[in-house]
Structure formats: structure tokens, C-alpha cells
Number of protein chains: 2
Amino acid sequence: MPTTGPAPQRKMRADARRNYERLLAAAKDVFAEHGVEASLEEIARRAGVANGTLYSHFPTRQALLEALLRDRMQALSDTARELLDLPSADEALTGWARAAMAHATVYRGLAVSLMSSIQDETSHLHAACQAVLAGGQRILDRAQASGVVRGDVTASDVYALVNAAAWAGEQTSRAQAERLLSFGLEGMRPPVGG
Amino acid sequence: MPTTGPAPQRKMRADARRNYERLLAAAKDVFAEHGVEASLEEIARRAGVANGTLYSHFPTRQALLEALLRDRMQALSDTARELLDLPSADEALTGWARAAMAHATVYRGLAVSLMSSIQDETSHLHAACQAVLAGGQRILDRAQASGVVRGDVTASDVYALVNAAAWAGEQTSRAQAERLLSFGLEGMRPPVGG
DNA sequence: TGCTAAGTTGAGACAGTCTCAATATATTTC
DNA sequence: GAAATATATTGAGACTGTCTCAACTTAGCA
């Protein structure tokens, strides 16, 4: 069962709180350098802490990732809400897709985690991914109501497209990721003259 | 520098040839069970051979993968040639994309290898991937000449789309992979009325 | 039959994950 | 402020995996 992770607000002992923050800071650096599959040992080392401490704060890699991404994923949900205010439902969708792809590109290897976590209910990232998906759903609903997207497209389709494009970009280039995203979104439009 | 791998036809000693074949057979099973990131130790174990023997036949995981996929990738190139005979350039393209995606789905994790190998000239899989890409190029040229695909689409776009869709399918479902592929291909069509 | 090039072996150096009994420290209580 | 207690940290150790290479074995030839 996924926990929310040790909420950083919880009454923690002062040293525990300090190590928690140090670990997050180290993880941020190490993930940025080596991607989300980086060595957890190195993160502990760089945080100046024994590896057992890392495991006691973050039982799994995904739990660490969740804590590290919490704010960012919250921001993505907020973005979805804001985009609903745009006059154009079409621009809201492409804007959301771009924002979601930018998010999935923050660390190398992140797209895999985001994609598998939406399926895996036991993942520490599951809830956050679902919130993102829910945001996408609202954006998509409006786009479909406006007739700019085919009715049979699902939020999962958009989510998969965004992450698949981000993944492709990791292997090749940012430009390639953007091209794939464009093709995919374009292909979701209703057939003309229908 | 990528070698073609020990060509199985090379005058090898009988025991070497036998172990080579056993390793390939074991790799096929183990990759099928655990994906292309499976333990090489287990492959050697299952082939009834010391792990040093595996490394002497296949210096890298990619070299092993290349030997294992050689025939299949050759077949994909042949398929491209055959599809050029189809009356419909459109059907040839979708047919090729489906065949390429099926290929990328043979083992879990394969899409990553295919995608990174096309970029990495030192990969043992590079040449084979380039051959596949060349096949896609011919199919694409014809589709563009027939006006069923936009002129600015590249073979790399199609290659990336196919692998990205295959990757998404690994994380979710075969159906999702097919949907993504359809959206992408659809989005590569020329805008109507242009 | 024996020689030699070719091939195989598996221990060992290394890096990583994860656990848990022993230890240390912060906080609470009196 | 000292003792009691709850909370954290530590790092050795069990495990799995990658990859190398000196010592050994054997196939195939003369």
C-alpha cells in the first residue's frame, strides 16, 4: 500500500528532518546528473548519511522520486486548472500536453516511472500520476466538447502520448520529442468534413 | 567499433560453435521471460556454460541481441521491399509501421535498444537498425510522392514513432501501442484542402 | 600420438540493493 | 538537569549482478 511518504510536516526529530532535506537535495543533483536510475548509495554518500538512513526515509526509489516531484506535480495540476480559463480549448490541450511533457523530461528515465506508476497502484508515485491524469481529463473533455478532438480519444491516450514523446526525446533530441507530440495531437483531431 | 559479431559461419571449433548456439537459445528464452535487461549470468547458467564463455562470444549485451535478432531484422528489411509492390503507398506505410512495431515488441525493453542504437554508432546493433531505417525511408519516400504523407516528415520520425508506441505498449497494453501508432501516422497526413 | 592454437573456466574485483542488530541522539518527564 | 524513552542513524553483511584474466582444457592438425 502506497504511503504519502513521511510528510515533511510531520513532527520529526530535528536530525531526521535535517537528513530528510539533505537527502532530497542530494537526490535532486544526482538524478539530474545520472537520471532516475542513479545509484541510491551515491545519493546517501553525497548527503553525508549512511545508506540505511536513506532507506528509512524513502523505502523505495519511487518514494524518493515522489517526494522530489511533489511540488512540481502539484504545479502541473494547477496549470491544468488555469488552462481551462483559456478562450481556446485547442490551445489549452496543446499547452497542457507541452507542460506535461516538460515535466516528464525533468530527469532522464522519468517518463518510464510516470508511465508505469499510472498502472501500478502500489507505486508511491501512483496518486500523483492520477492527479495529473485527472487534470488532463478535464482539459480533454473540454476539447472534445468543442469538437477539436475526436470523441474516442481518452485521457490515457494523451497521457501515453506525452510520455512516449518524452521518452523518445531522451533517446534522441528534444526536437524529436516535440515533433512526435505534434504528430500525435494532430492525429487526435476529428476527420475533416465529418 | 562495432563488429558484425562472430559470424556463426566462421570456421569455429566444434565446441565453440556448440556453445554459441546454446547461448543464443538460452538468451532467447531468458530475454522472452525477463526482457532484454535480464541477467547475463542466468543466460550462461541456463546454457550450461561459464559466464566467461558468454563474454568471449558476445562482448556486450547488444552484441548478443544483434546475433539473436539478425534474421528477424533481415526479414523486416525484406518486408519493406515487398511492401513497395503494394498498389497503395498508404497501406504500405501503415503495414511497414505495424511490422516494425511488432518487431520492437518481441522482447520487453527492446524498443529502448533499437532507439538508442540508431543514434550510437558504436552499438553492435547500429548497422541492423540503420538497415531497418533505410527500409522505412523507401516506404516513406513513396508515400510522400503519392501525397499521403506530409513532405516534412522524416524516416527518423516514423522510426521514433514506431518505437515510442512500442515502448508505451510495454508499460500499458498492446492496444495502447496500436492507438498511439494510429494517432501518430494520422498526424503525418497532409492537411486537407491544402 | 602429441603439439598448439583455440576455447573454457571460475575466482575475484567491483558496484549496487536492501536489511537489521547495535548504537547514538533528541525529546520528554519528573 | 538527569534519567527515561522514543526516535534515528549506522555500517557490516547477505545478496545479485557485471566484467576480466591467468590458469587450464581440448579440438583438430601434422
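Heavy atoms only: backbone and side chains are in, while hydrogens, waters and symmetry mates are out. Letters go in sequence order (proteins before strands), and every chain restarts at 1.
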- Task: Answer with yes or no after comparing the ring centroid distance for A:Tyr20 and A:Phe58 against a 6.0 Å cut-off, counting only values under it.
- Result: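 That pair passes the under 6.0 Å test.
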- Message: If I take atom CD from residue B:Gln171 and atom CH2 from residue A:Trp167, how far apart are they, to the nearest 0.5 angstrom?
- Response: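 Result: 9.5 Å between the selected atoms.
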- Task: Nearest 0.5 Å please: distance from the CG atom of A:Leu24 over to the CG atom of A:Asn19.
- Result: 11.0 Å
If I take atom [atom1] in residue [X] and atom [atom2] in nucleotide [N], what distance separates them, rounded to the nearest angstrom?
| X | N | atom1 | atom2 | answer |
| --- | --- | --- | --- | --- |
| B:Gln62 | D:dC19 | CD | P | 11 Å |
| A:Phe58 | D:dT9 | CZ | C1' | 15 Å |
| B:Asn19 | C:dT9 | CG | P | 6 Å |
| B:Arg46 | D:dG17 | CZ | C1' | 16 Å |
| B:Leu54 | C:dG7 | CG | P | 15 Å |

- Sidechain N-carboxylate O distance under 4.0 Å for B:Arg189, B:Glu186: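 Judged by the 4.0 Å cut-off on N to carboxylate O distance, B:Arg189 and B:Glu186 do form a salt bridge.
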- Message: Could you tell me if the side chain of A:Leu133 sits less than 4.5 Å from the side chain of A:Gln137, heavy atoms only?
- Response: no
- Message: Can a donor-acceptor pair be found, under 3.5 Å and without considering hydrogens, that links the side chain of B:Gln144 to the backbone of B:Arg150?
- Response: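 Pair found, side chain donor or acceptor close to backbone of B:Arg150.
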- Check: B:Ser117 side chain, B:Leu114 main-chain N or O, donor-acceptor pair, under 3.5 Å: no
- Given protein heavy atoms under 4.0 Å, the one-letter contact record of nucleotides 25-30 of chain D, with B base, S sugar-phosphate only and - none, is simply -BSS--
- Message: Strictly under 4.0 angstrom, non-hydrogen atoms only: write out the protein contact profile of nucleotides 13-21 of chain C, one letter per nucleotide from the 5' end, B, S or -.
- Response: ---SBBB--
- All side-chain hydrogen bond (donor to acceptor under 3.5 Å, both in side chains) counterparts of B:Gln74, not counting sequence neighbours: B:Asp78
- Query: Are any of B:His57's side-chain N or O atoms less than 4.0 Å away from OP1 or OP2 of C:dG7?
  - Reply: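 The answer is no; no side-chain N or O of B:His57 sits under 4.0 Å from OP1 or OP2.
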